[in-house]
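Everything on this sheet refers to the single structure shown next.
Note on naming: letters A, B, ... go to the chains in the order of the sequence lines (proteins, then strands), and numbering restarts at 1 for each one.
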Amino acid sequence: MPIHIYNTATRKKEEFVPADPARVTLYVCGPTVYSFPHIGNARPAVVFDVLYRLLMQGYEGVLYVRNITDVDDKINAAALGEKVSIGEISGRYTGAYHQNMADLGVLPPVIEPKVTEHMEQIIDMIARLVTAGNAYEAEGHVLFHVPSYPGYGALSGRNLKELFAGARVEVAPFKRDDRDFVLWKPSSEDQPAWDSPWGAGRPGWHIECSTMIEQHLGETIDIHGGGQDLVFPHHENERAQSTCLHGGKLFSKYWMHNGFINVDREKMSKSLGNVLLVQDLLEQAPGEAIRFALLSTHYRSPLDWTDEVLSQSCRNLDRLYAVLQKLQDVDVSLSACDIPDTFLDALKDDLNTPAAITELHSLAKQEKTVSSQDARAALKRQLLAAGKILGILQQDPVAWFQGAADINDAEIHKLLEQRAGAKRAKDYKQADEIREKLTNMGIQIQDRSDGTSSWRKV
RNA sequence: GGCUAGGUGGCAGAGUGGUGAUGCAGCGGCCUGCAAAGCCGUCAAUACCGGUUCGAUUCCGGUCCUAGCCUCCA
């Protein structure tokens with residue numbers, strides 16, 4: 001079964017056919033590094049990470065580029081506020097992003113370009129747009145002239161008239177058209193600046209992505225991804241710039257956009273004070289559970305984040321890891337053909353991760369009925385191979401339940417032994433006291449029928 | 001106001017023109033010294049109103065509701 005993906009540009013599910021199967025190109029808009037990553041930053045990273053893993057399953061070469069926007073007025077504001085350089089701000093939050101994404105099991109992209117490393121090419125691209133007649137200089141700014149591109153609005157489903165009528169913002173007087181947007185803007189003394197033919201300044205937001213895509217992936221790419229809010233104006237503008245420069249050549253074959261995350265039914269925003277940082281959620285639950293929660297809803301649907309969603313994800317993973325623990329006696333080595341077709345088909349259907357998770361549960365259920373060692377090994381291979389595509393279930397089940405390198409290990413075992421002794425002596429009062437004590441330590445005892453016990457953290 | 005997406009059991013969440021998955025929670029049972037875990041069983045939903053159809057949750061129209069974008073927010 002071929003991969004089908006929903007293309008924002010056509011509003012339809014389409015069969016995915018890459019331009020070159022040996023070199024599939026995927027570009028996803030990465031973070032602007034001006035603060036710690038929140039759960040909304042994590043969603044596209046995780047969603048497109050699964051897409052990346054799925055593509056690697058079917059194609060030899062997948063060139064995945066996710067940028068870091070390290071030039072932005074929000075970074076400038078943060079730097080001014082702290083009286084440090086913009087490099088210090090962007091460096092700090094790039095590091096936090098890398099750390100958090102690793103905690104969520106997100107693979108690094110093949111290339112992670114930064115705006116500051118592409119200033120020369122950005123300036124060159126703007127100059128080419130001016131030469132081509134699609135952009136003009138005005139009072140130290142360079143602006144893209146929207147009416148110069150008749151296809152403008154096609155991606156986001158807006159026509160030029162509507163945009164004109166809908167203009168509610170005060171328009172800079174030097175704009176030839178209300179909809180024209182900035183490619184380059186002049187910097188004041190306290191703002192970072194690069195030399196350009198139009199004076200010292202800095203690039204606008206949209207041109208950065210166009211430049212990095214051209215530089216690293218070429219004129220036409222297979223898939224362009226990002227959050228739903230980026231459709232307009234960011235991606236519309238990228239598309240206008242790149243298409244104009246490349247003689248009308250298709251910019252991206254497919255556009256994919258993930259939905260937003262709400263927090264307790266409300267939009268997550270700084271003004272509401274309900275922004276959930278990834279680092280704070282990691283205090284609440286393992287990264288794998290956060291990842292699972294992000295994948296438990298289809299990527300295009302809005303996701304309402306609550307404590308309940310997170311704890312249900314933990315319990316789902318508990319269940320799956322419990323099955324893997326039962327299969328611990330069989331050794332397996334994985335190969336791609338171990339991924340069950342039903343599971344793969346779910347993902348190939350526009351990344352239907354909830355349906356894929358259902359297949360995982362269905363596999364887990366089979367553990368109760370298979371008996372031969374061969375069948376158990378096959379089942380374990382299927383579970384692990386499928387889990388790997390979703391980026392879950394890859395750790396040792398014991399590590400999942402008990403946490404890594406527990407310093408209290410010796411004490412726990414001592415208490416367990418004392419309790420076992422008390423049970424043998426039928427001193428249930430003492431046995432229950434010890435169990436109570438362990439419970440208070442966050443340890444849950446699981447008795448086996450043979451009189452021994454295991455434990456897990458709760 | 002314009003554009004877009006969506007409204008499925010207590011919660012989460014797929015799918016489908018022909019008796020509505022899956023997980024969590026609940027309930028009953030087995031197991032247990034008692035629990036927990038596990039196992040077996042079980043309750044429970046397609047916003048509303050029309051239309052097309054032998055048949056609609058699914059397709060079409062309307063109503064109501066929700067979310068997003070139109071403001072350099074993932």
Side-chain angles (χ1 to χ4, degrees), chain A residues 6 8 11 28-32 34 37-48 69 72-74 153 156-159 161-163 165-170 179 181-182 185 203-206 208 225-234 236-237 257-262 265-271 275 292-293 296-298 300-304 306 308-320 322-323 326 346 349 352-362 364-365 368 401 423 426-429 431-432 435-436 439 444-449 451 453-456 458:
Chain A
Y6 181 87
T8 306
R11 277 162 246 289
V28 174
C29 290
T32 301
Y34 68 100
H38 54 71
I39 189 68
N41 296 311
R43 191 174 193 190
V46 168
V47 163
F48 290 106
T69 299
D72 186 276
D73 285 354
K74 287 194 286 294
S156 52
R158 292 151 210 267
N159 63 50
K161 232 182 188 173
E162 274 165 11
L163 285 166
R168 291 193 313 195
V169 197
E170 221 167 298
R179 298 154 297 177
F181 57 88
V182 169
K185 50 191 165 187
W205 179 31
H206 317 299
E208 305 166 353
Q228 219 150 48
D229 59 318
L230 299 181
V231 178
F232 190 91
H234 185 51
E236 191 71 69
N237 291 354
H257 293 97
N258 64 272
F260 260 44
I261 292 179
N262 296 325
R265 306 279 303 154
E266 279 188 315
K267 178 177 172 165
M268 189 167 63
S269 71
K270 283 197 172 163
S271 55
V275 174
F292 190 98
S296 65
T297 299
H298 185 83
R300 280 191 280 119
S301 301
L303 168 54
D304 189 39
T306 60
E308 182 71 8
V309 164
L310 191 52
S311 61
Q312 283 193 9
S313 296
C314 281
R315 265 168 269 161
N316 270 284
L317 283 169
D318 279 348
R319 182 178 157 71
L320 294 170
V323 169
K326 288 184 186 172
D349 180 17
N352 193 338
T353 51
I357 288 169
T358 296
E359 292 304 324
L360 236 34
H361 283 298
S362 145
K365 208 174 234 175
K368 282 175 267 186
F401 286 119
K423 278 179 72 178
K426 298 206 190 300
D427 183 353
Y428 296 122
K429 188 163 174 281
D432 289 350
R435 182 167 68 195
E436 179 71 22
T439 303
Q444 187 183 78
I445 295 178
Q446 291 165 6
D447 288 343
R448 299 195 191 90
S449 51
S453 305
S454 63
W455 62 274
R456 54 161 299 192
V458 279

Item to check | Mutual orientation of the aromatic rings belonging to F181(A) and H206(A) [parallel < 30°, tilted 30-60°, perpendicular > 60°] | outcome: perpendicular
Checklist entry - Of the nucleotides rA14(B), rG13(B), rA74(B), which one has an atom closest to the side chain of H298(A)? => result rA14(B)
Checklist outcome for this item: Rounded to whole Å, the NZ-C1' distance (K365(A) to rC24(B)) equals 13 Å
Checklist outcome for this item: What one should report as the nearest heavy-atom pair of P44(A) and N258(A) is CB-OD1, 3.2 Å
Item to check | Selected nucleotide, minimal atom distance to F232(A) side chain, candidates rG23(B), rG33(B), rC69(B) | outcome: rC69(B)
Item to check | Phosphate OP1/OP2 of rC69(B) contacted by K267(A) side-chain N/O (<4.0 Å) | outcome: yes
Checklist entry - Does OP1 or OP2 of rA21(B) have a side-chain N or O of T358(A) closer than 4.0 Å? => result no
Next on the checklist: Donor-acceptor check, side chain of S362(A) to backbone of T358(A), threshold 3.5 angstrom: yes or no?
Outcome noted: no
Checklist outcome for this item: When both distances are under 3.5 Å in a Watson-Crick or G-U wobble arrangement, the nucleotide paired with rA12(B) is rU22(B)
Checklist entry - Closest to the R319(A) side chain: rC39(B), rA74(B), rA12(B)? => result rC39(B)
Item to check | Rounded P spacing from rG23(B) to rU32(B) in Å | outcome: 26 Å
Item to check | Integer angstrom distance from the P of rA25(B) to that of rC65(B) | outcome: 36 Å
Checklist entry - Taking the P atom of each, how far is rG26(B) from rC3(B), in whole Å? => result 47 Å
Item to check | Residue matched to rC43(B) through Watson-Crick or wobble contacts both under 3.5 angstrom | outcome: none
Checklist outcome for this item: Using Watson-Crick geometry (N1-N3 plus N6-O4 or O6-N4) or G-U wobble (N1-O2, O6-N3), each under 3.5 Å, rA35(B) is paired with none
Checklist entry - rU32(B) P sits how many Å from D432(A) CG, rounded? => result 16 Å
Checklist entry - For the side chain of Q228(A) and the base of rG68(B), is some donor closer than 3.5 Å to an acceptor across the two? => result no
Item to check | Mate of rG61(B) where both pairing distances stay under 3.5 Å, Watson-Crick or G-U | outcome: rC49(B)
Checklist entry - Side chain of N352(A), base of rG15(B): donor and acceptor closer than 3.5 Å? => result no
Checklist outcome for this item: For rA67(B), the nucleotide meeting Watson-Crick or G-U wobble distances (both under 3.5 Å) is rU4(B)
Checklist entry - So, is K368(A) near the phosphate of rC39(B), with a side-chain N or O under 4.0 Å from OP1 or OP2? => result yes
Checklist entry - Mind checking the C1' distance from rC59(B) to rU16(B)? Whole angstroms is fine. => result 13 Å
Checklist entry - Taking the C1' atom of each, how far is rG2(B) from rG15(B), in whole Å? => result 33 Å
Checklist entry - Taking the C1' atom of each, how far is rU22(B) from rG18(B), in whole Å? => result 22 Å
Next on the checklist: The side chain of K326(A) is closest to which nucleotide in this list: rC34(B), rC72(B), rG38(B)?
Outcome noted: rG38(B)
Checklist entry - Which nucleotide, rC40(B), rA74(B), rA35(B), lies nearest any side-chain atom of D447(A)? => result rA35(B)
Next on the checklist: With the stacking rule set at 5.5 Å and 30°, tell me whether F260(A) counts as stacking on rA74(B).
Outcome noted: yes
Item to check | Pairwise P distance for rA36(B) and rC24(B), with rounding to whole Å | outcome: 16 Å
